[in-house]
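None of these values were measured; they are calculated from a predicted model. In this chain, residues are counted from 1 in sequence order.
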Amino acid sequence: MEDPPGDETPAGPSSAGTAELRASDEALAFMSSIEPAELSRCVFPDCLVTVSEGGRHLGSFSVTVEFGCRAQQPCILLHARSQGAIDHSPCGTTVTAYISAGLEVLEEDYHEYVKLEDHSLDKRCRLVRRDGQMVIDKVTTAGEEVTKASVSYPLSALRGLVTEGSNLLLMRLIALRKKVTDHMTFISFDQGLHIIHSSFRELGVKQMEIEGETVEIFGVQRTIHSLEDGPATWECYFLSDGRLASRGQVGSPVMMRLLQVPAQQGRGFERIPLVWEEDMQMHSKFLDRKEELKADHTSYLRQHPEIRALMSDFLQFLLLRKPDDVFQFARDYFLPFSCQCPPEPSSTSPSL
């Protein structure tokens with residue numbers, strides 16, 4: 001995936017050279033022309049492997065797109081994940097985005113990490129709509145040093161915005177149409193969180209061999225025009241049904257490739273393991289349930305203060321005796337507390 005926002009101190013929307021940038025009319029027209037039927041055709045998973053120039057397996061890349069809901073608003077939920085190792089250093093990127101039917105980003109979380117021998121690098125960036133603004137919070141952790149930054153832009157200045165998450169969905173839509181309109185330029189953010197241009201160009205059709213089968217793929221090129229680091233370009237090729245066949249950054253020795261065409265995979269792609277900690281919706285439900293149980297347990301302990309006294313006495317006695325068999329000690333300790341109920345009298349009369 002593209003490089004995340006870096007560690008520079010972000011500027012506000014009034015910064016020169018950023019606020020005046022706007023998406024082209026062609027880009028806005030594309031976003032307004034998206035039909036529900038097109039979005040339905042984008043709901044499927046992609047699973048690719050990351051390989052070096054020599055063909056060595058370095059990791060994996062996956063994207064899932066499904067219909068979801070955010071704040072009771074129907075939307076598209078996109079989750080992308082890449083993981084692997086470069087020079088024996090584990091690294092990975094995760095993106096979770098809630099996107100409207102008009103390709104507007106409602107909320108997005110970006111996480112990137114690199115675990116080096118002497119220290120680790122961890123980058124997190126969160127975008128969320130709030131009170132007519134797009135609020136962006138970024139936290140970068142390099143070793144023990146933590147850098148935090150925050151910036152916001154009015155939504156009126158972000159028409160035609162394409163982020164890391166929405167770009168993956170946009171590419172599928174373009175691939176399904178098999179056409180890139182001339183002068184289709186969106187806006188995005190550079191590493192300093194300034195507004196920049198993001199342009200798309202059609203690469204045409206070519207042949208690709210996958211597991212001995214020759215398939216036709218359609219190419220789309222995306223270029224990020226960074227004001228600070230210069231342009232960066234990615235080239236993606238898609239099958240006729242919109243599935244990603246290959247993806248790579250121009251000049252990079254690493255490439256993401258599809259190993260098998262869908263028809264050879266029987267019932268579909270390999271099931272992607274669920275990492276619930278990285279899913280915003282599931283993680284939110286976990287936190288809600290955690291707080292609910294915590295409040296319920298606290299209430300119960302408050303209603304039964306004898307529990308704390310009982311456990312305190314037991315632990316004190318345990319630490320004084322220090323038995324080898326803790327289970328037997330606990331059994332003997334709590335045995336007198338067991339209920340000794342007298343046997344109930346028989347309801348039947350004795351036989352004469």
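- Here SG of Cys42 is found 11.5 Å from CG of Leu168. Values are rounded to the nearest 0.5 Å.
- Checked against the 6.0 Å centroid threshold, Phe189 and Tyr110 do not count as a close aromatic pair.
- Taking every heavy atom of both residues into account, Tyr98 and Cys75 meet most closely at CD2-SG, 3.6 Å.
- For the atom pair CE (Met255) and CG (Leu58), the distance works out to 12.0 Å, reported to the nearest 0.5 Å.
- Distance CE/Met311 to CG/Leu315: 5.5 Å, rounded to 0.5 Å.
- Between Glu202 and Lys179 there is no salt bridge, since none of the side-chain N atoms of the basic residue sits less than 4.0 Å from a carboxylate O of the acidic one.
- Here the shortest heavy-atom pairing between Ala157 and Ile195 reads O-CD1, 4.1 Å.
- No side-chain heavy atom of Leu127 sits under 4.5 Å from any side-chain heavy atom of Val135.
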Residue pair Lys294, Asp296: steps toward the salt bridge (Lys or Arg N to Asp or Glu O under 4.0 Å) verdict: CA-CA 5 Å; Lys294 183 178 179 181; Asp296 181 65; over 6 Å; no
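- When hydrophobic clusters are built by joining Ile, Leu, Val, Met, Phe, Trp and Tyr residues whose side-chain heavy atoms come closer than 4.5 Å, directly or via intermediates, Val65 is grouped together with Phe67.
- Heavy atoms from other residues, nucleotides or ligands lying under 6.0 Å from CZ of Arg257 number 12 at most.
- The backbone N or O of Ser199 sits nowhere less than 3.5 Å from a side-chain atom of Arg222 that would complete a donor-acceptor pair.
- Between Tyr300 and His304, the ring planes lie tilted relative to each other; the angle falls in the 30° to 60° range.
- You'll find the side chain of Phe44 reaches within 4.5 Å of the side chain of Arg172, heavy atoms only.
- Using modelled atom types, no side-chain atom of Ser89 and backbone atom of Ala85 make a donor-acceptor pair closer than 3.5 Å.
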Given side chain to side chain contact (heavy atoms under 4.5 Å, CB included), test Met256 with Val49 step by step and report yes or no. CA-CA 5 Å; Met256 300 171 185; Val49 296; over 6 Å; no
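- For the pair Ser312 (side chain) and Arg308 (backbone), a donor-acceptor distance under 3.5 Å is absent.
- By the 4.0 Å N-to-carboxylate-O rule, Arg41 lies too far from Asp241 to be salt-bridged with it.
- By the rule that hydrophobic residues join a cluster once side-chain heavy atoms approach within less than 4.5 Å of another member, Tyr237 and Ile210 end up as members of one cluster.
- Annotation for Glu306: atom CD counts as buried by contact number, over 12 foreign heavy atoms lying within 6.0 Å.
- The two residues Gln133 and Ser152 come nearest to each other via the heavy atoms OE1-OG, 3.5 Å.
- Val326 and Phe317 fall within a single hydrophobic cluster, where Ile, Leu, Val, Met, Phe, Trp and Tyr are joined by side-chain heavy atoms under 4.5 Å apart, directly or via other members.
- Here the CG-CG distance, from Asp313 to Leu318, works out to 12.5 Å after rounding to the nearest 0.5 Å.
- Leu21 and Tyr153 fall within a single hydrophobic cluster, where Ile, Leu, Val, Met, Phe, Trp and Tyr are joined by side-chain heavy atoms under 4.5 Å apart, directly or via other members.
- Between the side chain of His197 and the main chain of Arg22, a donor-acceptor pair closer than 3.5 Å is present.
- Glu38 and Arg177 are joined by a salt bridge, as a carboxylate oxygen and a charged side-chain nitrogen come within less than 4.0 angstrom of each other.
- What you find for Ala175 and Gly242 is that their closest heavy atoms are CB-CA, 4.3 Å.
- Between Met134 and Leu155, the closest side-chain pair of non-hydrogen atoms falls below 4.5 Å.
- No hydrogens or angles considered: a donor-acceptor pair under 3.5 Å links the side chains of Asp122 and His111.
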Please lay out, stage by stage, how Ser299 and Leu301 fare under the test side chain to side chain contact (heavy atoms under 4.5 Å, CB included). CA-CA 6 Å; Ser299 175; Leu301 290 174; over 6 Å; no
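- Under a 3.5 Å cut-off, the side chain of Asp46 and the backbone N or O of Leu244 do form a donor-acceptor pair.
- Two residues are said to be in side-chain contact when any heavy atoms from C-beta on lie closer than 4.5 Å; Phe200 and Leu170 meet this criterion.
- Asp109 pairs in a side chain to side chain donor-acceptor pair (under 3.5 Å) with only one of the listed residues (Arg126, His79, Arg124), which is Arg126.
- For the pair Ser32 (side chain) and Leu28 (backbone), a donor-acceptor distance under 3.5 Å is present.
- Note on Arg289 versus Glu292: salt bridge recorded, some NZ/NE/NH1/NH2 to OD/OE distance being below 4.0 Å.
- Residue Thr93 holds its OG1 atom at 10.0 Å from NZ of Lys123, rounded to the nearest 0.5 Å.
- Using a 4.5 Å heavy-atom cutoff, the side chains of Leu106 and Val128 are not in contact.
- Rounding to the nearest 0.5 Å gives a distance of 5.0 Å between CD of Gln221 and OG1 of Thr233.
- Other residues, nucleotides and ligands contribute over 12 non-hydrogen atoms within 6.0 Å of the CD atom of Gln207.
- A side-chain donor-acceptor contact under 3.5 Å links Arg243 to the backbone of Pro45.
- The side-chain heavy atoms of Leu173 and Ile34, taken from C-beta on, include a pair separated by under 4.5 Å.
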Does the side chain to side chain contact (heavy atoms under 4.5 Å, CB included) test come out yes or no for Leu258 and Ser246, once each step is laid out? CA-CA 6 Å; Leu258 181 67; Ser246 69; over 6 Å; no
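- At least one donor-acceptor pair closer than 3.5 Å links the side chain of Lys178 to the backbone N or O of Ser240.
- When hydrophobic clusters are built by joining Ile, Leu, Val, Met, Phe, Trp and Tyr residues whose side-chain heavy atoms come closer than 4.5 Å, directly or via intermediates, Val43 is grouped together with Leu48.
- Taking the six-membered ring for Trp and thresholds of 30 and 60 degrees, Phe30 and Phe186 have ring planes more than 60 degrees apart, a perpendicular arrangement.
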Candidate pair Val220 and Val180, rule side chain to side chain contact (heavy atoms under 4.5 Å, CB included), full reasoning: CA-CA 8 Å; Val220 181; Val180 180; 4.3 Å; yes
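- A heavy-atom distance below 4.5 Å is found between the side chains of Leu78 and Val63.
- Side-chain contact of Thr163 with Glu108: a donor-acceptor pair under 3.5 Å is present, judged by distance alone.
- For the residue pair Ser198/His225, the side-chain donor-acceptor check at 3.5 Å is not satisfied.
- You'll find the side chain of Ile76 reaches within 4.5 Å of the side chain of Leu169, heavy atoms only.
- If you look at Phe314 and Tyr333, their ring centroids are closer than 6.0 Å.
- Side-chain atoms of Ser24 come within 3.5 Å of backbone atoms of His183 as a donor-acceptor pair (strictly under, hydrogens ignored).
- Considering all non-hydrogen atoms of both residues, Ser166 and Leu161 come closest at OG-O, 4.2 Å.
- Considering all non-hydrogen atoms of both residues, Gly165 and Ala97 come closest at CA-CB, 4.2 Å.
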